[in-house]
Visitor: 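Below: one structure in structure tokens.
Scope of the values below: all heavy atoms of this structure, side chains included, with no hydrogens, waters or symmetry mates.
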Amino acid sequence: LGLAESLQTFIYDDHDNVVEEHEQEASREANLDRAGRRFTRNETSSEKWARHEYRYDTQGNWVEKVTLQRQSSDRDFRRSNVTRRVIAYW
């Protein structure tokens with residue numbers, strides 16, 4: 001039987017856009033021994049962080065989002081993605 005946990009935390013800016021994400025995951029296998037007691041094995045865990053930087057147009061909508069990520073707390077954030085969008089106003 002596999003067991004898994006996940007915790008995600010989000011921080012938002014004044015425009016309600018996500019500016020920081022933190023995700024923690026843990027998993028393990030659970031079984032019963034001959035006496036019927038539960039035991040776990042093969043436990044793993046991981047953490048991920050992401051930051052988003054936005055550039056806004058004159059209407060207050062974001063037109064560029066730069067995502068930076070790191071896979072452990074002792075590493076630097078690195079750019080992983082840039083999303084651009086064009087908004088036409090009528």
Side-chain angles (χ1 to χ4, degrees):
L1 175 65
L3 304 171
E5 302 173 58
S6 179
L7 173 66
Q8 292 181 293
T9 305
F10 301 93
I11 297 173
Y12 298 86
D13 66 9
D14 293 338
H15 298 270
D16 292 327
N17 295 311
V18 175
V19 292
E20 290 187 30
E21 299 177 51
H22 181 220
E23 183 177 350
Q24 297 171 284
E25 294 182 329
S27 65
R28 61 197 152 284
E29 293 178 13
N31 287 303
L32 299 175
D33 65 14
R34 292 180 193 258
R37 294 180 300 246
R38 185 175 63 114
F39 70 94
T40 60
R41 64 179 179 192
N42 297 329
E43 296 186 27
T44 62
S45 64
S46 65
E47 285 187 271
K48 294 187 277 185
W49 291 263
R51 289 184 180 158
H52 306 286
E53 299 171 353
Y54 298 90
R55 189 169 58 85
Y56 297 92
D57 66 10
T58 58
Q59 300 294 319
N61 294 304
W62 71 263
V63 292
E64 182 178 87
K65 177 173 76 170
V66 177
T67 300
L68 303 111
Q69 294 184 326
R70 69 178 181 181
Q71 300 298 318
S72 66
S73 61
D74 62 345
R75 297 210 173 162
D76 292 333
F77 281 92
R78 295 186 182 262
R79 182 186 290 199
S80 63
N81 192 47
V82 176
T83 303
R84 292 182 182 92
R85 63 186 188 176
V86 175
I87 302 172
Y89 298 101
W90 303 98

Visitor: Among residues at least two apart in sequence or on other chains, which ones pass side-chain hydrogen bond (donor to acceptor under 3.5 Å, both in side chains) with Glu64?
Guide: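 With sequence neighbours excluded, Glu64 shows a side-chain hydrogen bond (donor to acceptor under 3.5 Å, both in side chains) to Arg84, given in chain and number order.
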Visitor: Can you list everything that forms a side-chain contact (heavy atoms from CB on, under 4.5 Å) with Arg38? Sequence neighbours excluded, please.
Guide: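 With neighbours one apart ignored, the set is Leu3, Ala30, Leu32, Thr40.
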Visitor: Mind checking whether Glu5 and Arg28 have side chains closer than 4.5 Å, heavy atoms only?
Guide: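 The answer is yes, as the side chains (C-beta and beyond) meet within the 4.5 Å cut-off.
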Visitor: Does atom CG of Asn42 have more than 12 heavy-atom neighbours, drawn from other residues, nucleotides or ligands, at distances under 6.0 Å?
Guide: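 It does: Asn42 CG has more than 12 such atoms within range.
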Visitor: Other than Ile87, what residues sit in its cluster of Ile, Leu, Val, Met, Phe, Trp and Tyr side chains whose heavy atoms are under 4.5 Å apart, directly or through others?
Guide: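 Taking Ile, Leu, Val, Met, Phe, Trp and Tyr as members, Ile87 shares its hydrophobic cluster with Tyr89.
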Visitor: Which heavy-atom pair separates Trp62 from Tyr56 by the least distance, and what is that distance?
Guide: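 Taking every non-hydrogen atom into account, N-CD2, 3.5 Å.
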Visitor: Once rounded to the nearest 0.5 Å, what's the spacing between atom CD of Glu23 and atom NZ of Lys48?
Guide: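 Separation between the atoms: 4.5 Å.
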Visitor: Among all residues two or more places apart in sequence or in another chain, which pass the side-chain hydrogen bond (donor to acceptor under 3.5 Å, both in side chains) test with Ser46?
Guide: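 Listed in chain order: nothing, the list is empty.
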Visitor: Answer yes or no: are there more than 12 heavy-atom neighbours, outside Arg85 itself, under 6.0 Å from its atom CZ?
Guide: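 Check passes, neighbour count above 12.
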Visitor: Let me confirm one number: the CG-CD distance from Asp13 to Glu53, rounded to the nearest 0.5 Å.
Guide: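 Reported to 0.5 Å precision, the distance equals 11.5 Å.
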Visitor: Assess the pair Tyr54 and His15: is the distance between their ring centroids shorter than 6.0 Å?
Guide: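 Centroid distance Tyr54-His15: not below 6.0 Å, so no.
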Visitor: Please list, chain by chain and in numerical order, all residues satisfying side-chain contact (heavy atoms from CB on, under 4.5 Å) with Gln24, sequence neighbours excluded.
Guide: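 Gln24 satisfies side-chain contact (heavy atoms from CB on, under 4.5 Å) with Leu7, His22, Glu47 only.
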Visitor: Can a side-chain donor-acceptor contact be found between Ser27 and Thr44 if the only test is distance below 3.5 angstrom?
Guide: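 Yes.
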Visitor: Is the number of heavy atoms from other residues, nucleotides or ligands within 6.0 Å of CG (Asp76) greater than 12?
Guide: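 12 or below, so no.
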Visitor: Ser45: which residues meet the side-chain contact (heavy atoms from CB on, under 4.5 Å) condition with it, sequence neighbours left out?
Guide: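 Result, side-chain contact (heavy atoms from CB on, under 4.5 Å) vs Ser45: Ala26.
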Visitor: To the nearest 0.5 Å, what is the distance between NE2 on His52 and NZ on Lys65?
Guide: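 Going from NE2 on His52 over to NZ on Lys65, the span is 5.5 Å.
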